[in-house]
Amino acid sequence: MFRPPVNRAMKTLDRSFFRKTVPLAAAKIFEKSQISSVRQALGKNHDLLALPRLNVIREFKEQDGAIRKGLLLREDIKVDDKATWSPVINELVQKGTVAVTPYDLELDYDYWSYAEIASSILPEEMEEVPQGFTQVGHVLHLNLREHWLPYKHIIAEVLKDKNPTIRTVINKTEDVGSHSQFRTFPFELLAGDADMNVIQHEQDCEFRFDYSRVYWNSRLETEHRRLVDTFGAGQMVCDVMAGVGPFAVPAGRKRIFVWANDLNPHGYEVMQDATVRNKVQDFVTPFNQDGRDFIRFAAKALLESEPVTVTIKSKARREKKGKANDGKPIEQPPDQIYTRPRFVDHYVMNLPATAIEFLDAFQGLYTGKEELFAPHTKQTLPMIHVYCFSGNSDNEVDDHKDVCERVSERIGFTITPEDRVGGSGDQSIELNIHNVRLVSPKKQMFCASFRLPPEVAFRKV
């Protein structure tokens with residue numbers, strides 16, 4: 001009764017087609033003061049119409065011009081068939097509290113959801129409608145399968161209508177990075193404005209960028225948050241493939257020093273804007289270099305740079321007016337002082353398609369500097385967080401072995417899944433392989449974190 005009208009021959013969206021009148025019964029209430037009690041009684045007895053996104057309270061105009069309230073009743077309750085009335089309805093009618101009266105419920109395009117409208121348009125043999133999409137600012141990004149392409153424009157129009165914050169709908173036409181080293185992707189505009197300049201918020205930070213010129217994946221917010229939470233205030237992070245800064249900028253807000261690098265000139269410009277916009281320029285410094293060069297540059301430059309100190313002044317606090325004993329300021333906490341470390345605590349390499357290939361840059365990273373690190377001092381070698389793709393086998397241990405073998409090959413040092421904390425291998429490696437997300441049925445994204453081994457860091461190359 002409540003499904004939208006069906007037109008599987010529709011090629012251009014006709015919103016006026018989706019209108020439907022459903023005859024129902026309603027309980028018209030004579031006294032306004034009894035609306036709440038009647039609704040409670042009918043609701044408790046499951047006599048009210050139960051439809052999502054629909055208000056069961058309706059107005060009835062009497063012949064004398066008076067307006068009364070009524071409640072829509074369940075669809076199997078009939079005005080002219082008292083056998084369908086529950087004992088509660090009968091009792092309310094006998095008391096003169098309500099009258100059961102006809103009501104024509106008008107439903108239109110605005111009522112039905114995207115899935116309901118799409119199901120009434122797409123061919124019946126398509127048992128599902130496209131649901132997988134991401135939103136970046138006002139842009140909705142589809143990745144339509146081939147059998148949906150003949151209906152792509154009408155799908156896009158309905159999606160735009162049903163998502164009020166969407167102004168632009170695009171469809172990816174080829175894989176990410178297939179035509180650009182900057183991880184952008186070819187796309188076609190399906191509906192709305194040809195405007196790819198978006199405003200995106202993540203972890204209380206604001207980013208403004210041209211989505212057609214940089215990489216952004218809203219599905220990675222949980223992973224961005226997870227990794228940033230492993231960094232400590234005052235630590236030094238080098239984000240080798242930083243994009244527009246989804247790791248770097250939130251980390252800066254947590255008083256973490258970040259050197260954030262990206263090869264994409266537009267990504268670099270966006271990071272420069274984001275550091276100022278989010279007031280983290282004292283902690284986050286953008287760079288525009290090749291990732292392999294940046295790994296070695298950062299380690300060397302930090303050792304040679306003059307100390308950088310950031311002071312966060314405490315906010316003066318006074319007792320509330322009228323409650324202070326003498327009106328003088330109460331003792332306030334001391335200023336927070338952060339000095340940028342001379343050593344990198346973490347390297348982040350978020351380029352899952354190729355990041356592992358850059359790991360050879362860590363060979364000999366601190367050659368000749370052994371005396372600066374443990375056991376000669378308390379300084380530890382950096383943690384490496386490298387993102388990658390692998391298979392999605394039934395046994396994830398096989399996937400983890402694959403990741404370790406590929407990492408080992410690039411750094412010239414054997415790491416195994418047993419080198420994790422609590423494992424039977426070399427626990428000084430502190431290995432952790434985190435399953436980030438399933439990209440496709442046979443493709444999983446991982447983050448492999450490990451402590452740079454001394455044999456790699458001090459190797460003569």
Side-chain angles (χ1 to χ4, degrees), residues 132-134 136 141-143 145 170-187 202 209-224 226-227 238-248 260-268 270-271 287-296 346-363 384-393 396 398-411 415 432-450:
F133 58 83
T134 57
V136 181
H141 167 207
L142 287 166
N143 188 12
R145 299 177 192 168
I170 62 172
N171 179 48
K172 184 173 72 174
T173 56
E174 295 186 50
D175 290 340
V176 171
S178 58
H179 290 275
S180 169
Q181 61 182 324
F182 300 146
R183 290 188 287 176
T184 56
F185 56 87
F187 65 90
E202 186 173 296
F209 52 87
D210 182 342
Y211 185 37
S212 68
R213 298 173 63 192
V214 300
Y215 177 83
W216 180 277
N217 191 336
S218 298
R219 292 174 176 171
L220 293 176
E221 179 174 3
T222 299
E223 175 59 16
H224 297 155
R226 180 194 73 85
L227 193 60
C238 281
D239 193 351
V240 183
M241 301 97 170
V244 299
F247 286 112
N261 173 73
D262 201 81
L263 185 62
N264 185 340
H266 183 61
Y268 169 68
V270 171
M271 272 197 293
F287 293 86
N288 181 211
Q289 299 182 18
D290 171 78
R292 182 175 278 101
D293 295 339
F294 179 73
I295 290 171
R296 303 187 70 83
H346 300 268
Y347 277 96
V348 179
M349 305 172 68
N350 183 24
L351 187 66
T354 59
I356 283 180
E357 297 176 14
F358 289 74
L359 289 175
D360 57 2
F362 288 101
Q363 295 191 40
I384 314 298
H385 308 276
V386 59
Y387 287 83
C388 61
F389 295 127
S390 187
N392 179 42
S393 63
E396 72 171 19
D398 293 334
D399 299 330
H400 290 189
K401 285 181 179 177
D402 172 64
V403 172
C404 287
E405 288 172 0
R406 289 156 58 202
V407 168
S408 299
E409 182 183 0
R410 297 306 293 179
I411 65 174
I415 292 178
N432 176 51
I433 300 180
H434 176 71
N435 296 17
V436 178
R437 73 183 189 98
L438 187 64
V439 179
S440 67
K442 295 183 179 180
K443 189 177 183 180
Q444 178 84 22
M445 181 177 175
F446 296 93
C447 176
S449 300
F450 61 94

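One is the number of the first residue; the rest follow in order along the sequence. Values below: all heavy atoms of this structure, side chains included; hydrogens, waters and symmetry mates excluded.
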Do you know which two heavy atoms are closest between [X] and [Y], and how far apart they sit?
{"X": "L142", "Y": "N171", "answer": "O-OD1, 3.2 Å"}
{"X": "A242", "Y": "D262", "answer": "N-OD1, 3.6 Å"}
{"X": "I295", "Y": "A361", "answer": "CD1-CB, 3.9 Å"}
{"X": "G291", "Y": "V240", "answer": "O-CG1, 3.5 Å"}
{"X": "A248", "Y": "D239", "answer": "N-OD2, 3.9 Å"}
{"X": "I411", "Y": "I415", "answer": "CD1-CD1, 3.8 Å"}

Pairwise side-chain contact, [X] with [Y], heavy-atom cut-off 4.5 Å (strictly under):
{"X": "F450", "Y": "C404", "answer": "no"}
{"X": "N217", "Y": "M445", "answer": "no"}
{"X": "H385", "Y": "S449", "answer": "yes"}
{"X": "H224", "Y": "E202", "answer": "yes"}
{"X": "L359", "Y": "I356", "answer": "yes"}
{"X": "Y211", "Y": "I170", "answer": "yes"}
{"X": "F358", "Y": "M241", "answer": "yes"}

Q: Report the C-alpha distance between H141 and F185 in whole Å, list the side-chain angles of each, state the deciding distance to 0.1 Å, and finish with yes or no for side chain to side chain contact (heavy atoms under 4.5 Å, CB included).
A: CA-CA 11 Å; H141 167 207; F185 56 87; 3.7 Å; yes

Q: Assign the ring pair F294 / F287 to parallel, tilted or perpendicular, where the plane angle (0 to 90°) is split at 30° and 60°.
A: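 Taking F287 first and then F294, their aromatic rings sit tilted (interplane angle of 30° to 60°).
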
[atom1] of [X] to [atom2] of [Y]: how many Å apart, nearest 0.5 Å?
{"X": "T354", "Y": "M349", "atom1": "OG1", "atom2": "CE", "result": "8.5 Å"}
{"X": "R226", "Y": "H434", "atom1": "CZ", "atom2": "NE2", "result": "4.0 Å"}
{"X": "N350", "Y": "L220", "atom1": "CG", "atom2": "CG", "result": "6.5 Å"}

Q: Please report the C-alpha distance between F362 and V386 in whole Å, then the side-chain angles of each, then the deciding distance to 0.1 Å, and finally whether the side chain to side chain contact (heavy atoms under 4.5 Å, CB included) criterion is met.
A: CA-CA 12 Å; F362 288 101; V386 59; over 6 Å; no

Using atom types as modelled and distance alone, determine if a side-chain donor or acceptor of [X] lies under 3.5 Å from a backbone N or O of [Y].
{"X": "R292", "Y": "E357", "result": "yes"}
{"X": "H266", "Y": "D210", "result": "yes"}
{"X": "Q363", "Y": "R410", "result": "yes"}
{"X": "N261", "Y": "Q289", "result": "yes"}

Q: Applying side chain to side chain contact (heavy atoms under 4.5 Å, CB included), run through N435 and F446 and close with a yes or a no.
A: CA-CA 5 Å; N435 296 17; F446 296 93; 3.0 Å; yes

Q: Using a strict 4.0 Å threshold on nitrogen-to-oxygen distance, state whether E409 and R406 make a salt bridge.
A: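 Not counted as a salt bridge, because no side-chain N and carboxylate O are separated by less than 4.0 Å.
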
Q) side chain to side chain contact (heavy atoms under 4.5 Å, CB included) between V136 and F209: does it pass, once the steps are laid out? A) CA-CA 10 Å; V136 181; F209 52 87; 3.9 Å; yes

